[in-house]
Each structure stands twice: as C-alpha cells, then as structure tokens.
Amino acid sequence: MNYISTRNKNILKSPSQAIIQGISEDGGLFVPEEMPILKESIDQLMGKGYKDLAFTIMKYFFTDFKEEELRNCIDLAYNNKFDSEEIVPIVQRDGAFFLELFHGPTLAFKDMALSILPHLINTALKKLSIDKKILILTATSGDTGKAALEGFSDVDNIKIMVFYPQDGVSQIQKLQMLTHQGDNTSVVGINGNFDDAQNGVKNLFNDNNLKKELSDNNILLSSANSINIGRLVPQIVYYFYGYLNLLENKEIKSGEKINVVVPTGNFGNILAAYYAKSMGLPINKLICASNENNVLTDFFNTGTYDIQRDFKMTSSPSMDILISSNLERLIFEISDREDGLTKELVNDLQVRKKYKISPEMGEKLRDFYGDFAHENQVEKSIAQLFKTSAYLIDTHTSVAYSVYKDYKESTGDKSKTLIASTASPFKFGASVGKALGIKDIKDDFEMLEVLARMSNSDIPENIKDLKGKRIIHKNICQKHEMKSMVEKFIGSGV
C-alpha cells in the first residue's frame, strides 16, 4: 500500500512517509493508492477485542509496519488511560445506539486516534532512519488541541503547537488546553475563527521559507489534524467495533445494513465511516449532521459547496467550521480519483469561495444524507432525551440525535442506527445545563456539580481537576502573526 496526493497522483509515499509528512508537498491530502477491501468476513471479526480489531483494520493501511510494530503502537494507545475496558461502550436509548467515543483522557472522540498517532510517528521515524526532530502544527476547534497535547506531551524529539480560536471554544475546552503541562508544548489563541486557524496552519505547511528555516534546524513539519492519514485510519476501527457489538448482542443479523449518524465539522469522522463502508462494512446511510454552520448540508442537497455565508458561533463549537478539509478526500473519490479535477475544485474554493460538482459526481453521494439542527432543536433534544431516558448527551451529540430523529420521521427508515457520541456532556456543562433549564448558575464548575447530581454520575476527574489549575499558555496573536509565533517557539529549541 502506497499513498498518493489528492491533487497529484504521481506523488507516491509509503505509509510511514505519509504519516510523518502529514500533508503532501503540493498541498493535497494523502489517500491510499487503492482502497483496501476487507478479506476477513464480518463473522470472522466476531469476538475480537478493540485492540485485535484495530490491528486487523490498520494492517491494511500501514503495510510497511511489521506486525509487532503495529501491535506495540496499538497496545501503547489503548490502555488504562481509557476509563472503560470496552474502550468504546455502546448505549441504547430511544431506538438508537450511542457509540460513546469520549472515554479517553480528554473526554472527546479525538482521543481514539490521537492516542496512537504519536506512536505511529515515532515508529515511522525509526523505520525510515530519520534523525530529525518533529514539529507538529495543529489547528483546533476545541477537542483536537487537548487530545493532541495529551498524546504528544513530553514525547522525545517532538514539539507540538496548537492554534485555537480565542473566543470559539467552550470554557472547559479552553482550560484543558491553557493549563496543559509539557515542556514541548505551546498553545496559541488567535483572534479569528477555526477556519482562520486552519487556513493559517495550511499556509504554514506551504511556506517554503519556513520549511527551509525548520530544515536548517533539523526539524520536520507534521500535523495532528485529521488531514494526517495516521490520524484518520484509526477512526475507521470504531465503526466496525460498533457494528460487531450490535451483531454480538443480536440487535442485527450478519450482513444487515445499519445507518451511521455523525456530527460533522471538518469531515474526518464521517469520512472514516465512509472508508469503513468502502472496505465492506454493511452501512446503508451515512447521515452527516451539521449545526447552523450548515455548509455540508447544502453541499449534499445541492452539489454546491459555498462558504460565502455568515459564520455562526453555536453551542457545538467543535463543529463551527465552514471549510471542511477532509471533504477533499471524498471529492477525489467521487470524481473517479481525478486529481486534476480535485485540484481545480479546491482552487475554486480558495479563489471563488465555492465550487459545484457535476451531476455524475452527485450520483455517487447517494449513500450520504445531509441535514442540520437549529440551536433550539439541540437544546430540546438534550432535554427530551434526559427526561425520557435519564441519558445525558453533549451538544454535538445532540446535533446528531436531532438530525437522526428528523431523518427517521421524514423517511420512515427503520434501519438500526449508530450515533457517534463525540464528547462528554461535562465538557459543555454550561450549554447542557441551559438546555435542561438550570438557571442562575454562572460558574461552570458549579454547573457540573449540579449535572452530576441530576444524572447520578461523577464529574470526570480530568475535568474536575481543572478547577484552580494554573494557566500556563497565555499567547494570543492575530492571524498574520502565526508564522512569527512558530519561529519564536522553535527558537526555544526542540
């Protein structure tokens, strides 16, 4: 298995090279030269624990890793840092199955991949005999930042720098990042939104002067965003795991198709489900759930991707995104892997702020369904589910749940459905509390205590410990100052 760029199929990289590089030199994203098809039948996967299943799936993508190397990465990633032995528990409520992806150290689905990415990178460096240091640059809409900091903290020969929108994350998300300890870490707030942070990081990857400066300091540039194939592939695993769980519990029959609902911002999480389906996982509909930044909903319904619209700050900040980077990988696939056309469409987005796909490409999106939830729907769904099922969900999961309810009502589709539950409700306590009608509590930590009592559960230790923690990272910059912040950071030595 080799990897090619979505914008130039002549660029060819081994899995290790693609993982280390993160993004192609032409600005494109790495995709498998050929999408692997699972040789094992679904029945043969039955009974596998999460680690064994992860190896079975990932071996198709990381073909230059020896079995012991890949298994070691998996063992180091999915250990007691997760608070559930299952790694991904599944909870049935209101006729759907919530795939709880938030039992890792930072209480968000990003832990599922960012727990293993540092080990994949370190193994790849050794395999290629690269004696260089790594600088990880990452933009975050809230959850990737802390998960990446957690994964790469104090890892030898790696520094990580996280840019986040200063006023575009929840208070808990911000505290998780700003109080993070680690000599090799830096967190910078930017005066702008997530798209500004993401575009700024992409520009840094394409800055030849910065690359030379880093090279002179014996440093390689890489990414922890889902643009990195080493971050995307591990996310495929939990969709297989969810399906097998339903099968083992006799909720479905072998080969029966299910629906998957994913609250979607940067398109990586739902793209992983699409890859799982491409490998042979029996999925009927891939339901792309957006918040009021509904650019993806419009794309799936009209074939036009248009970012010329107001950016909205919502109660689901990790989805407050207009430029969904991973959509480029899907465009590449539905264009019959036409790299020239993919490059043209991406360029149209940069220059004209929109592009339109052909009717033939649109036909290949039949497996997708796009819709969005208004803020009042998000609140209503949180309250309704808690009232009827005593089950507490966060705002992002509520976006998915709201869209699922509307989809089921409008289509009559009775397929069993997995909903990707992407974050702990305690990460967004203020918004969850508001949805439940809790008033007159302005302190976030006091709100968490109330929610814990109401739901008869404990506040996760990793959040409880934030109260009173010292703020370590105090840097804030303008969008145009991101490069100088990087230069200042690398000047401190790696």
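Since we're looking at a predicted model, the values are computed, not measured. In what follows, every heavy atom counts, from backbone to side chain, and hydrogens, waters and symmetry copies are set aside.
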* Asked: Which of these, Ile419, Val262, Ile287, sits in a side-chain contact (heavy atoms from CB on, under 4.5 Å) with Val403?
  -> Ile287
Counting C-beta onward and ignoring hydrogens, is there a side-chain heavy-atom pair between [X] and [Y] closer than 4.5 Å?
| X | Y | value |
| --- | --- | --- |
| Thr106 | Asn462 | no |
| Tyr275 | Arg329 | yes |
| Met112 | Phe82 | yes |
| Phe61 | Ile236 | yes |
| Asp26 | Lys343 | no |
| Asn475 | Val187 | no |
| Tyr241 | Glu86 | yes |
| Val486 | Phe163 | yes |

* Verify ring-ring contact (aromatic ring centres under 6.0 Å, His included) between Tyr274 and Phe368, making sure each step is shown before the conclusion. => CA-CA 9 Å; Tyr274 172 78; Phe368 286 89; 5.7 Å; yes
Is the number of heavy atoms from other residues, nucleotides or ligands within 6.0 Å of [atom1] ([X]) greater than 12?
| X | atom1 | value |
| --- | --- | --- |
| Lys81 | NZ | yes |
| Gln308 | CD | yes |
| Asp131 | CG | no |
| Lys126 | NZ | no |

* cation_pi(Lys427, Phe102) dist<6.0 Å, angle<=45 -> no
Exercise: do [X] and [Y] side chains pair donor with acceptor under 3.5 Å:
| X | Y | result |
| --- | --- | --- |
| Lys127 | Ser14 | no |
| Thr314 | Ser316 | yes |
| Asn8 | Ser5 | no |
| Glu328 | Thr6 | yes |
| Ser318 | Gln173 | yes |
| Asn326 | Asn266 | no |

* Asked: Between Ile116 and Met58, does a side-chain contact (heavy atoms from CB on, under 4.5 Å) hold up when you go through it step by step?
  -> CA-CA 11 Å; Ile116 192 171; Met58 290 188 213; 3.9 Å; yes
Do [X] and [Y] sit within salt-bridge range, that is, some charged N less than 4.0 Å from a carboxylate O?
| X | Y | value |
| --- | --- | --- |
| Lys483 | Asp207 | yes |
| Lys464 | Glu461 | yes |
| Arg71 | Asp52 | yes |
| Arg309 | Asp298 | yes |

Heavy-atom donor-acceptor pair, [X] side chain to [Y] backbone, under 3.5 Å:
| X | Y | result |
| --- | --- | --- |
| Ser153 | Gln181 | yes |
| Asp394 | His396 | yes |
| Lys146 | Ala108 | no |
| Asn293 | Asp320 | no |
| Asn225 | Ala139 | yes |
| Asp216 | Glu213 | no |
| Glu375 | Ser315 | yes |
| Lys110 | Gly145 | no |
| Thr123 | His119 | yes |
| Asn294 | Phe372 | no |

If I take atom [atom1] from residue [X] and atom [atom2] from residue [Y], how far apart are they, to the nearest 0.5 angstrom?
| X | Y | atom1 | atom2 | value |
| --- | --- | --- | --- | --- |
| Ile74 | Ser115 | CD1 | OG | 12.5 Å |
| Ile190 | Gln478 | CD1 | CD | 9.0 Å |
| Gln198 | Ser325 | CD | OG | 3.0 Å |
| Leu29 | Leu232 | CG | CG | 9.5 Å |

* Could you walk me through whether Lys159 and Lys133 pass the side-chain contact (heavy atoms from CB on, under 4.5 Å) check? -> CA-CA 8 Å; Lys159 263 196 168 186; Lys133 297 167 184 176; over 6 Å; no
* Residue list, salt bridge (Lys or Arg N to Asp or Glu O under 4.0 Å) with Asp306, at least two apart or on another chain -> none
* Is the Tyr305 ring parallel, tilted or perpendicular to the Tyr355 ring (thresholds 30°, 60°)? -> parallel
* Audit row: Lys434, Met447, side-chain contact (heavy atoms from CB on, under 4.5 Å) steps and yes/no -> CA-CA 10 Å; Lys434 181 173 177 284; Met447 177 66 83; over 6 Å; no
* Before giving the answer on side-chain contact (heavy atoms from CB on, under 4.5 Å), spell out for Leu296 and Ile321 the whole-Å C-alpha distance, their side-chain angles and the decisive distance to 0.1 Å. => CA-CA 10 Å; Leu296 285 167; Ile321 295 169; over 6 Å; no
* Assess the pair Tyr238 and Phe109: is the distance between their ring centroids shorter than 6.0 Å? => no
